[in-house]
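First the structure, in the form of structure tokens, and then the observations on it.
What's counted below: heavy atoms across the whole structure, side chains too, no hydrogens, waters or symmetry copies. A, B, ... follow the sequence lines: proteins, then strands. Residue 1 opens every chain.
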Amino acid sequence: MHNIKDIRNDPKKFKDSLKKRFLDVDLENLLDLDQKNRKLIQEKEILEKEKKEISKTKNKDLFEKSKTISQKIETLEKDQKSTKNKLENILSSLPNIPNDDVPVGKDENSNLEISKNGAIPKFDFKPKSHFELGENLKMLDFELASKTTGSRFVFVKDKLALLERAISNFMLDVHINQNGYQEISPPLIVSESTMYGTGQLPKFENDQFEINFDEKEERKFLIPTAEVILTNMGKDKIFQLNELPLRLVASTPCFRKEAGSYGKDTKGMIRQHQFYKVELVSIVEPKNCLAELERMTNSATKILDLLKLPYRKIVLSSGDMGFSAEKTFDIEVWLPSENKYREISSCSSCGTFQARRMKSRYKNKNNETLFLGTLNGSGLAVGRTLIAILENYQQSDGSIIIPEVLKPYMNKLEKISKK
RNA sequence: GGAGAGAUGGCUGAGCGGUUGAAAGCACCGGUCUUGAAAACCGGCAAAGGGGCAACUCUUUCCUGGGUUCGAAUCCCAGUCUCUCCGCCA
């Protein structure tokens with residue numbers, strides 16, 4: 001959510017900033033609504049003051065007048081509220097403004113590679129895809145999932161299920177013990193206002209799983225990422241300075257409809273309706289956002305370093321960034337079967353954009369109440385890490401060597417092979 | 001699902017028709033003291049919104065939404081949430 005005052009002060013700058021997102025805002029309308037809103041507030045306040053004074057005098061002769069004033073206030077208030085609503089509806093559907101150092105471009109073609117790490121493995125045979133490997137091992141079962149549930153679901157079985165759990169536990173341990181994050185086991189269901197807070201609603205409703213909970217209550221959704229619930233831990237809260245920075249990590253299932261990706265990645269478990277992800281969230285003073293983004297990204301790449309998986313880091317262009325982000329680094333892992341890098345983590349700073357939506361604030365040194373900065377990043381997507389391990393650690397016989405750091409989590413198992 | 005109790009500032013907690021935006025304590029910030037810190041003492045400290053270059057000022061807000069009243073944190077109605085007890089249950 002943008003601050004209307006900033007827009008009012010420098011409308012042109014605001015319009016230009018959103019052009020980087022290839023959006024053309026109707027500023028006229030926005031400013032008109034803002035002006036109308038403020039005018040109505042002023043009129044209302046004059047009457048309110050008058051009414052207040054009458055009641056203070058306790059003069060019975062003026063009581064009738066006070067009644068008529070009340071009626072006028074009521075009409076003004078209705079008008080003002082509806083104007084404010086219109087204004088907020090527009091504001092809440094506008095994305096965050098890209099940071100100055102974000103490359104400007106329409107889509108992923110303008111993303112910039114920043115660094116490459118790790119040696120790409122060489123095979124003296126044609127490397128198989130993760131789904132071939134998994135199905136041959138009889139440890140990935142897509143057919144069964146489509147029978148019980150539908151497309152874009154999978155059964156992970158036996159040693160691969162263990163591997164999936166090992167990956168998740170390993171990541172959690174690194175983030176908790178080495179990177180200074182606090183572990184959270186959060187609700188996987190959130191209310192509508194929580195989804196609004198991080199920006200999933202109102203614009204991206206069609207990618208969310210809404211659940212039928214209780215007609216009378218606020219609408220409820222399955223989380224598309226733990227970012228939603230972790231970031232909202234600061235919802236309607238004013239933090240003391242000594243509570244910051246707050247760094248949180250959770251390993252949770254994520255649920256997405258993947259609307260609009262029909263035909264994309266239909267094979268295998270790259271794109272599923274349900275997947276596990278270890279999520280990092282930081283809540284910080286806004287001035288520390290960009291430094292925290294570097295720190296968070298390093299926390300994520302550390303996992304890949306430890307797993308000895310080759311990856312590259314890229315910075316997303318203005319047109320490719322998510323709705324709430326001001327700057328985003330993607331980390332892409334090497335997938336031998338595709339002969340290219342694929343996204344395994346996305347780390348974003350949202351500045352104060354989300355904090356404004358969920359009223360997440362803190363007291364600074366001067367005791368002023370200000371909006372916080374929020375960041376989120378995958379550390380990492382568990383399903384895709386599983387894929388990357390399968391493909392990068394595969395042997396000619398179809399077995400999978402267990403990465404050194406995961407062995408303690410796998411009962412010292414050395415490799416996964418067909419029974 | 002049945003029966004009670006409650007919801008007030010960052011937190012704890014008073015107030016129960018008219019200078020109450022709200023006592024007190026804690027936390028926090030500033031100062032005195034101290035080699036430094038702690039303690040002690042002094043001072044400051046709710047939020048949102050409007051007007052103003054600013055000093056400042058005005059309005060709203062005591063869970064939410066209605067109602068009574070000239071006037072509501074305080075009275076009435078509805079709803080939401082939390083807690084306790086009983087039942088059910090992983």
Which atoms of nucleotides 57-62 of chain B (N or O only) lie under 3.5 Å from a protein N or O atom, and what are those distances?
| from | atom 1 | to | atom 2 | distance (Å) |
| --- | --- | --- | --- | --- |
| U59(B) | O3' | Glu48(A) | OE1 | 3.3 |
| U59(B) | O2' | Glu48(A) | OE1 | 2.4 |
| U60(B) | OP2 | Lys52(A) | NZ | 3.2 |

If the [atom1] atom of [N] is compared with that of [M], how far apart are they to the nearest Å?
N	M	atom1	result
U19(B)	C75(B)	P	16 Å
A22(B)	A78(B)	C1'	27 Å
U74(B)	A14(B)	C1'	13 Å
U69(B)	C63(B)	P	23 Å
G50(B)	C45(B)	C1'	23 Å
G15(B)	U8(B)	C1'	9 Å
A55(B)	C41(B)	P	34 Å
G9(B)	A3(B)	P	30 Å

Please state how far atom [atom1] in [X] lies from atom [atom2] in [N], giving the value in whole angstrom units.
X	N	atom1	atom2	answer
Lys56(A)	A72(B)	NZ	C1'	16 Å
Asn3(A)	G50(B)	CG	P	9 Å
Lys36(A)	G50(B)	NZ	P	17 Å
Phe239(A)	A47(B)	CZ	P	16 Å
Lys81(A)	G66(B)	NZ	C1'	11 Å
Leu370(A)	A46(B)	CG	P	15 Å
Met1(A)	G49(B)	CE	P	11 Å
Asn364(A)	A27(B)	CG	P	20 Å

Taking the side chain of [X] as heavy atoms from C-beta outward, which of [options] is closest to it?
X	options	value
Lys363(A)	A47(B), G51(B), C70(B)	A47(B)
Arg361(A)	G71(B), A47(B), G44(B)	A47(B)
Thr369(A)	C70(B), C45(B), A48(B)	A48(B)

Base, sugar-phosphate, or nothing for [X], non-hydrogen atoms under 4.0 angstrom?
X	value
Arg356(A)	nothing
Ser55(A)	base
Lys67(A)	sugar-phosphate
Ile41(A)	sugar-phosphate
Gln240(A)	base
Lys237(A)	nothing
Lys5(A)	sugar-phosphate

Think [X] forms a cation-pi with [Y], using NZ or CZ under 6.0 Å from the six-ring centre and within 45 degrees of its axis?
X	Y	value
Lys277(A)	Phe275(A)	no
Arg256(A)	Phe209(A)	no
Lys363(A)	Phe239(A)	no

Under 4.0 Å between a Lys/Arg side-chain N and an Asp/Glu carboxylate O for [X] and [Y]?
X	Y	value
Glu192(A)	Lys220(A)	no
Arg219(A)	Glu210(A)	yes
Lys237(A)	Glu243(A)	yes

Strand partner of [N], provided both Watson-Crick or wobble distances fall under 3.5 Å:
N	value
U74(B)	none
A14(B)	none
G4(B)	C83(B)
C28(B)	G44(B)
U19(B)	none

* Asked: Crowded around Lys15(A) NZ? As in, over 12 foreign heavy atoms under 6.0 Å?
  ->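 More than 12 heavy atoms, drawn from other residues, nucleotides or ligands, come within 6.0 Å of this atom.
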* Flag if over 12 foreign heavy atoms under 6.0 Å of CD, Glu64(A) -> no
* Parallel, tilted or perpendicular: which describes the rings of Phe131(A) and Phe142(A), with under 30° parallel and over 60° perpendicular? -> perpendicular
* Taking only side-chain nitrogens and oxygens of Lys65(A), does any of them come within less than 4.0 Å of OP1 or OP2 of C70(B)? ->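 For Lys65(A), the contact criterion (side-chain N or O under 4.0 Å from OP1 or OP2 of C70(B)) is not met.
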* Would you please confirm or rule out a distance under 4.0 Å between OP1 or OP2 of G51(B) and any side-chain N or O of Arg38(A)? =>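 Arg38(A) to G51(B) OP1/OP2: side-chain N or O found under 4.0 Å.
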* Structure fact -> Note: for Ile4(A) and Glu243(A) on RNA chain B, the residue whose nearest nucleotide lies more 5' is Glu243(A)
For residues 40-55 of chain A, dump all side-chain donor-acceptor pairs below 3.5 Å to protein atoms at least two apart in sequence or in another chain.
| from | atom 1 | to | atom 2 | distance (Å) |
| --- | --- | --- | --- | --- |
| Glu50(A) | OE2 | Lys65(A) | NZ | 3.0 |
| Lys51(A) | NZ | Ser70(A) | OG | 3.2 |
| Ser55(A) | OG | Lys52(A) | O | 3.4 |

